[in-house]
Protein chains: 2
Amino acid sequence: MHPPDAFHVYDTTLRDGSQGEGMSLSVNDKLAIARHLDDLGVGFIEGGWPGANPKDAEFFRRAQSELRLQTAQLAAFGSTRRAGAVAADDPQVAHLRESGAGIVTLVAKSDVRHVERALRTTREENLAMIRDTVAHLTAEGQRVFLDAEHFFDGYHADPAYALEVLDVAAAAGADVVILCDTNGGMLPHRLADVVHEVVATGVRVGIHAHNDTACAVANSLAAVDAGATHVQGTANGYGERCGNADLFSVVAALEDKVGRRVLPEGRLAELGRVAHAVAEVANMTPDPRQPWVGASAFAHKAGLHVSAIKADPDLYQHTDPAVVGNDMRLLVSELAGRATIELKGRALGLEPDRETVGRVVERVKNLESVGYSFEAAEASFELLLREEMGERPHFFDLESWRVIVEQRAGDDGAASVVSEATVKLHAKGERIVATGEGNGPVNALDNALRLGLEKLYPGLAALELVDYKVRIVSGAHGTSAVTRVLVETSDGTTEWDTVGVHENVIAASWQALEEAYTTGLLREGQQGDDRGR
Amino acid sequence: MHPPDAFHVYDTTLRDGSQGEGMSLSVNDKLAIARHLDDLGVGFIEGGWPGANPKDAEFFRRAQSELRLQTAQLAAFGSTRRAGAVAADDPQVAHLRESGAGIVTLVAKSDVRHVERALRTTREENLAMIRDTVAHLTAEGQRVFLDAEHFFDGYHADPAYALEVLDVAAAAGADVVILCDTNGGMLPHRLADVVHEVVATGVRVGIHAHNDTACAVANSLAAVDAGATHVQGTANGYGERCGNADLFSVVAALEDKVGRRVLPEGRLAELGRVAHAVAEVANMTPDPRQPWVGASAFAHKAGLHVSAIKADPDLYQHTDPAVVGNDMRLLVSELAGRATIELKGRALGLEPDRETVGRVVERVKNLESVGYSFEAAEASFELLLREEMGERPHFFDLESWRVIVEQRAGDDGAASVVSEATVKLHAKGERIVATGEGNGPVNALDNALRLGLEKLYPGLAALELVDYKVRIVSGAHGTSAVTRVLVETSDGTTEWDTVGVHENVIAASWQALEEAYTTGLLREGQQGDDRGR
């Protein structure tokens, strides 16, 4: 199932990307991102540094049993053995060996100044550390890639030593040597010259670029043009400082502009979806101006030119946005989205008529303009579509809910916080009043709702809220901004996502909870009531 | 006072940049931005299209009396005469002639498909329109630059015609012909080839790039490398779709990497200030990851390497951040070691002793392991450091707080939600009970706290919560997961960030609010009470 080895699309979101300011990924987040990247069809996913970070070690442990990657292979990142140590006995190297990853990407110093001043060892020992570690891991059956850190600066300072590092690694069995612009100061022209010279030595070359000069994507493309056949980057360009090369932009340019196939057939059209899904998991606000996948990337303001654009879209866009799973957006955009809605309806087994599709397009547009996001909440979209088709079931009606959260300082100075929620509902002809406690207001509300409905719908006992995300959609007014809540619910075999938007976080949570329960009951096959409330 | 004419730094923020989604500049905004750009020392500022937009016409009117530009010259943007018209009698051309701008930048079609399908005229008439308009304006004493729209696509479709357009313009008196990658699909390599060929024809060449392939800066630099001596771009890369070339990144790379002086002596160090000032005026959130000038552009997370970075900053940065008016930042994170804490303390004017530093390292590590994040909450870090030094002031003590949020379905079916909070505090020997309402629980809590303390601390009236972020830190247990809240507060001149973590979102918000107010009072110079609570 692996793609051909001729060109490597290598993602390092989970390792180098997670160094970005404000990025903080749980092991669950990392597993979810790996699945999305696999959907896109990247060849390699660098999962982390198991020898340096216990969370990363857990990722590799869980990946072995929980991840079923279709295309990508996992790589573990780590460093060479310590100076003076034996590779086989080095505990950090042992973590790499035992990670379960088929590939190890070893970082090595290739700048003699870093060897002497940061690593504080000799040129010779640095080479020995690389030689020993590569040889040990390949002998143990792993494939080794070598990240040559600070390569371009090192090549500038002492080209002979920088090249010797690559030579030693390749001779010891490394399959690819990756030239890293670690500090990110390179420009494409000069970088391409260096890549040319390294490629001429006969090693297989990769590129790892950072965006400090706003040239990370161009540098990556220039390296490929000069003979590199392995490109490292991160989802949406996440990473330290100004970020890494945006792997999505690199891949899109290679496929759409350079004419080079680097993803499995048909996957490039997943790019927009995957880019947004990863942003959602990472809880990073998607950049509307992001090339290829941003919401504004194919948006046309020009009111006067709309008919010209509609008649001749090729004249006004650098490519067909559908190529990367994006849409053209026009101010008068009655066509925007119809096809998507029809396709989605069909995927749900629903066949909305022309008029219904039109109303749904309109409602989605309106709701998204006030903060809803349906691409990460398909269950809410399904309910909306059913509502417009007159097929949305109602299993309960709300009379009111109330949440009380209190904090009191105890005698020992430690504060204790209690949350209590009361819901008043009508269902199957009964009036229900139920109160729940919880460790937070939403948990209390969830417990009250569950308690109130469980007698009528025993199946609810199987439902579990497995994820809860909050995002402030417009940050201009501080706590007055609109809040978007995404809830992921599981019945033990499948999961579904629902969304709520309100200026009040509790009210937004209620909306998402209500749709989560409605979806659960719908999937269970319960007969609800079709009337609107 | 004008810079030498050998190289043109040409800003089009006020015209093309203002096409960006979410950008809406008043005439006052435009005047303010023009002053900032002049401080930076750009050679040309394109003020707008006076013949198409009354606001732009007003800008040029007011610019004549109100702007005292030291370095930059104003350019008016517009199009050639209409097909079949006489240039001298064309009202749009008259606006350009009478704008008061010494320079007119004329946009012209250079792609034969656009001439025939969008302009709906003949190849010959298009050339005549260009020839006549350029000749008319130069005869009237204005300098003319020609923006060749869709040039690269046009050159690809019909190179002879595209070159003829440039030829005609130059022969009629245009000083520079600017090759526009209007749809933004070019990559540096191919673009440079085309620029080379045009430069060889002997005309003076400029470049105008868009960022649709994430290569706008690289494309601009490639064009300069190929002989272009005029670069157009926008402040911070603002502009339609994915934006224009970020003029700031182009200028910084040319000066700092290519070794080409394109700004007046000493101005590059203004870059960071100007970039933020323009963002402020444009009401756009500055991008922390923006190359050169972003808050994260020289931020280092890696705790293990902090001592190495301190010893040899050159090894870890592609340039000295002071060159562009930026600073190195060390982020306090779970990996942070002693060196980071010491440096951070010094930056805050605090000198913790060895033992205190050890305790702070330990506490940061422990707190971050349960979900805190100090890299985005420097004010909370300062309070923590002060607390360990015995210097954390306490301005009020909490007895208790309570929040009630209720939703009731109204008669019309629309739900109304109300939030109410009560705080009980002790401050300056008084017991305070205050109740606030709000559009959400946190807003209600903020209002109650403010109401309760305002009599004792009138300075609090100036504080405003400008941003509020919620993150569920571990997604494994749904709504039971720990919640991290980040609050950004402003006193009108500076901002600060605080963090709170709790399984209960309201309690986490309270912590962040309490530290936000404490920091505000500390900055105001209030004397608090040093004891722990």
Side-chain angles (χ1 to χ4, degrees), chain A residues 19 21-22 26 28 117-118 183-185 187-189 212-215 217-218 225 241-243 249 253 257 283 289 291 296-297 301 308 312 315 317-318 398 400-409 417 439-440 442-443 446 465-470 472 475 478-480 503-507, chain B residues 19 21 113 117-118 183-185 187-189 212-215 217-218 225 241-243 249 253 257 289 291 296-297 299 301 308 312 317-318 376 398 400-409 417 439-440 442-443 446 465-468 470-472 474-476 478-480 503-507:
Chain A
Q19 292 297 307
E21 215 174 332
S26 68
N28 277 341
R117 292 197 245 160
N183 292 345
L187 301 183
H189 205 66
D212 298 75
T213 62
C215 289
V217 170
D225 195 58
R241 305 191 313 273
C242 308
S249 284
K257 301 297 177 203
N283 202 24
R289 300 198 312 175
S296 302
K301 229 180 182 180
D312 272 316
L315 293 187
Q317 342 193 82
H318 68 88
L398 176 71
S400 68
W401 53 254
R402 182 185 64 226
V403 174
I404 301 177
V405 185
E406 274 186 281
Q407 166 167 327
R408 289 167 199 280
V417 181
N439 52 19
V442 180
N443 185 233
D446 180 30
L465 300 195
V466 291
D467 201 6
Y468 174 81
K469 287 208 167 78
V470 182
I472 309 302
T479 46
S480 317
E503 57 181 12
N504 190 309
V505 61
I506 315 287
Chain B
Q19 293 297 307
E21 222 174 326
R113 296 165 306 171
R117 293 197 243 161
N183 293 347
L187 300 184
H189 205 68
D212 299 74
T213 62
C215 290
V217 169
D225 195 59
R241 305 191 312 272
C242 308
S249 284
K257 301 296 176 205
R289 301 198 313 173
S296 302
K301 217 178 189 180
D312 274 315
Q317 325 193 99
H318 69 88
L398 177 71
S400 68
W401 55 254
R402 182 185 63 228
V403 173
I404 302 175
V405 185
E406 275 185 280
Q407 167 168 326
R408 287 166 199 283
V417 181
N439 51 22
V442 179
N443 186 232
D446 179 31
L465 299 195
V466 291
D467 201 6
Y468 174 81
V470 182
R471 172 103 165 97
I472 308 303
S474 141
T479 47
S480 316
E503 58 182 9
N504 189 309
V505 61
I506 314 288

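Worth saying up front: this structure is predicted, and the values here are computed from it rather than measured. Below, all heavy atoms of this structure are taken into account, side chains as well, without hydrogens, waters or symmetry copies. Just so it is clear: chains get the letters A, B, ... in the order the sequence lines come, proteins before strands, and each one is counted from 1.
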Check: Which heavy atom of T213(B) sits nearest a heavy atom of K257(A), and at what distance?
Finding: CG2-CE, 4.2 Å
Check: Checking N439(A) side chain against N504(B) main chain: does a donor-acceptor pair fall under 3.5 Å?
Finding: no
Note to self: If you count heavy-atom pairs within less than 4.5 Å of chain A, which of G184(B), A299(B), P291(B) leads?
What the structure shows: P291(B)
Of the listed residues ([options]), which shares the most heavy-atom pairs with chain B below a 4.5 Å separation?
{"options": "S249(A), G185(A), A507(A), G243(A)", "answer": "G185(A)"}
{"options": "L315(A), D212(A), V505(A), D225(A)", "answer": "L315(A)"}
{"options": "A218(A), A118(A), C215(A), A214(A)", "answer": "A214(A)"}
{"options": "L187(A), I404(A), V405(A)", "answer": "V405(A)"}

Next item on the list: For Q407(A) and L398(B), run side-chain contact (heavy atoms from CB on, under 4.5 Å): C-alpha distance rounded to whole Å, both residues' side-chain angles, the deciding distance at 0.1 Å, then the answer.
Entry: CA-CA 9 Å; Q407(A) 166 167 327; L398(B) 177 71; 3.2 Å; yes
Notebook entry, point to check: What part of V417(A) gets closer than 4.5 Å to chain B, counting heavy atoms only: side chain, backbone, both or neither?
Noted result: side chain
